[in-house]
Amino acid sequence: MSVFTEYVDWVAGQDAQYRTVLPITDAEADDLTAGRLSLDRVGALGHGRRHLQSDWPSGAEVPSVYWGSGAFGVRVGY
């Protein structure tokens, strides 16, 4: 599963971008595509698992890419 988040700040066009890539099971993929997982539960899937994280905050020259672990936040856009 891949979760992409961008925070639009309307300044200079260099918005912060974050991506989390987490391997999931077939059953979890089925639940996700069927809409049976809330966004809170999606982030909780990271509990006890490693995930690849890319953080590219505003103003950074390049993203920071690293392995993380544990639950992660997922926010609905607005």
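Since we're looking at a predicted model, the values are computed, not measured.
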Self-check item: Verdict with reasoning, D55 to Y66, per side-chain contact (heavy atoms from CB on, under 4.5 Å)
Solution: CA-CA 9 Å; D55 295 345; Y66 57 94; 2.7 Å; yes
Self-check item: Common cluster, F4/V21, ILVMFWY with side-chain heavy-atom separation under 4.5 Å
Solution: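 Different clusters: F4 never reaches V21 through Ile, Leu, Val, Met, Phe, Trp or Tyr contacts under 4.5 Å.
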Please give me the minimum heavy-atom distance between [X] and [Y], naming the atom from each residue.
X   : Y   : result
V65 : S54 : CG2-OG, 4.0 Å
A16 : P57 : CB-CA, 4.0 Å
T25 : E28 : N-OE1, 2.8 Å
L22 : G46 : CD2-N, 3.9 Å
A44 : A71 : CA-CB, 4.0 Å

Practice problem: Return each pair, listed once, that meets ring pair (Phe, Tyr, Trp, His ring centres under 6.0 Å) where at least one residue sits in residues 25-61; pairs must be two or more places apart or across chains. | Solution: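 Passing the test, one end in residues 25-61: H51-F72.
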Exercise. Apply side-chain contact (heavy atoms from CB on, under 4.5 Å) to L32 and L45, showing your working.
Key: CA-CA 11 Å; L32 186 61; L45 290 175; over 6 Å; no
Quiz prompt | For Q14, side-chain contact (heavy atoms from CB on, under 4.5 Å) partners two or more places apart | solution =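 With neighbours one apart ignored, the set is empty.
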Practice problem: Using the test salt bridge (charged side-chain N to carboxylate O under 4.0 Å, His left out), find all partners of R50 that sit at least two apart in sequence or belong to another chain. | Solution: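 Here no residue qualifies.
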Quiz item: Is the backbone N or O of D15 less than 3.5 Å from a side-chain atom of D9, with the two atoms forming a donor-acceptor pair by type?
Solution: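 Not at all, since once roles are kept as given, no pair shorter than 3.5 Å links the two residues.
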Quiz item: Within the side chain of Q53, is there an N or O that forms a donor-acceptor pair under 3.5 Å with the backbone of R19?
Solution: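 At least one qualifying donor-acceptor pair exists.
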